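Both backbone and side-chain heavy atoms feed into the values below; hydrogens, waters and symmetry mates do not. We count ligands from 1, going down the list as the structure has it; atoms in each ligand are counted the same way. Predicted model, so just to flag it, every value in this text is computed and none were measured.
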Amino acid sequence: MKTIYLDSIPSTNTYLKDHYNDYQHFDCLVTKNQTSGKGRLNNHWFSTENDLTFSILIKEDLSPSTIQLMPFYTAYIIHKVISSMNINALIKWPNDILIDDLKLSGILVESIYQDKLKALIIGVGINVNNQMFPKEIENRAISLKQACHEEIDIIQLLNDVLKEFEHGYPFYQSNQKNVIDYVNEFLAYKNQEIQYEDNQTIESGQCLNVNDSGQLLIKTKNDIIPLISGVVKKIKKVN
Ligand code: BTN
């Protein structure tokens with residue numbers, strides 16, 4: 001696993017997508033200054049030089065379920081590393097890491113297909129030492145420093161994540177069930193009322209668990225439905 005540092009680029013994911021031929025399987029691209037970070041569902045990912053933004057390149061044949069569940073594997077790795085720092089975090093389906101219901105980390109997995117899978121790009125953003133977020137997200141985001149009141153060594157954190165990622169990868173390839181079990185153990189909003197989008201309408205139901213295909217099961221009035229993509233939100237009780 002080689003780590004490549006670039007001073008400033010629009011997006012580590014986009015860069016690796018454009019240059020994946022120049023890099024090897026498991027190479028990791030990091031930048032201190034990501035100027036146009038991408039999030040899921042066309043969102044923007046905000047970061048500063050005090051945060052960690054990187055992408056890992058996967059360039060090998062993978063089974064369909066290994067590809068499909070890669071965001072969960074990545075969330076599992078990030079969660080494990082954060083937990084080893086004695087920080088209580090949860091995994092919000094499909095792959096956000098939350099502390100006190102605020103977003104610490106986001107994951108964006110992108111794929112390149114040309115007849116078959118050519119590459120997977122696993123992009124990770126972690127709010128590390130940042131203390132100020134833009135107005136639009138200040139009530140939804142948190143950094144590690146805000147959570148544990150200590151400056152974090154960003155490179156050490158990256159190395160810890162990469163080490164765990166590489167170490168766990170063969171186990172993940174042979175058995176994805178353990179990862180889903182782990183995600184369910186630390187699943188945010190478990191058994192709580194959530195809102196979700198279904199066919200462009202906002203619905204509500206009880207968040208149950210993630211099934212082996214990575215779908216979130218939601219109990220509605222009459223049914224249990226699997227959510228394939230989208231965003232879920234906890235319904236806040238008004239006193
Ligand atoms: C999300 O929560 O919506 C996913 C955020 C993913 C952000 C990371 S930062 C590194 C990599 N490069 C990008 O442009 N996005 C991902």
Could you work out the complete set of other residues in the hydrophobic cluster of I121, with links drawn between I, L, V, M, F, W and Y side chains under 4.5 Å apart? I4, L6, I9, Y15, L16, Y20, Y23, L29, L57, I112
Ion pair check, K145 and E150, cut-off under 4.0 Å: no
Could R140 and D101 be called an ion pair, given the rule that one side-chain N must be under 4.0 Å from one carboxylate O? no
Quick one: which ligand 1 atoms are inside 4.0 Å of a heavy atom on [X]?
X	value
D96	2 (O)
G37	14 (O)
G39	1 (C), 3 (O), 4 (C), 5 (C)
T12	10 (C), 11 (C), 12 (N)

Ignoring hydrogens and angles, state whether a donor on the side chain of S204 or Q195 is under 3.5 Å from an acceptor on the partner side chain. no
When you compare the side chains of N13 and E110, does any donor N or O come within less than 3.5 Å of an acceptor on the partner? yes
Among K92, Q34, K103, H44, closest by any non-hydrogen atom to atom 9 (S) of ligand 1: Q34
Which residue supplies the protein heavy atom nearest to [atom], what is that atom called, and how far is it?
atom	value
atom 15 (N) of ligand 1	K38 O, 2.7 Å
atom 5 (C) of ligand 1	W45 CE3, 3.5 Å
atom 3 (O) of ligand 1	R40 N, 2.6 Å

Just to be sure I read this right, does ligand 1 sit under 4.0 Å from the backbone of I107, its side chain, both, or neither, counting only heavy atoms? backbone
Check whether the ring centres of Y182 and F186 lie less than 6.0 Å apart, and answer yes or no. yes
So does K221 have more than 12 non-hydrogen atoms from other groups sitting under 6.0 Å from NZ? no
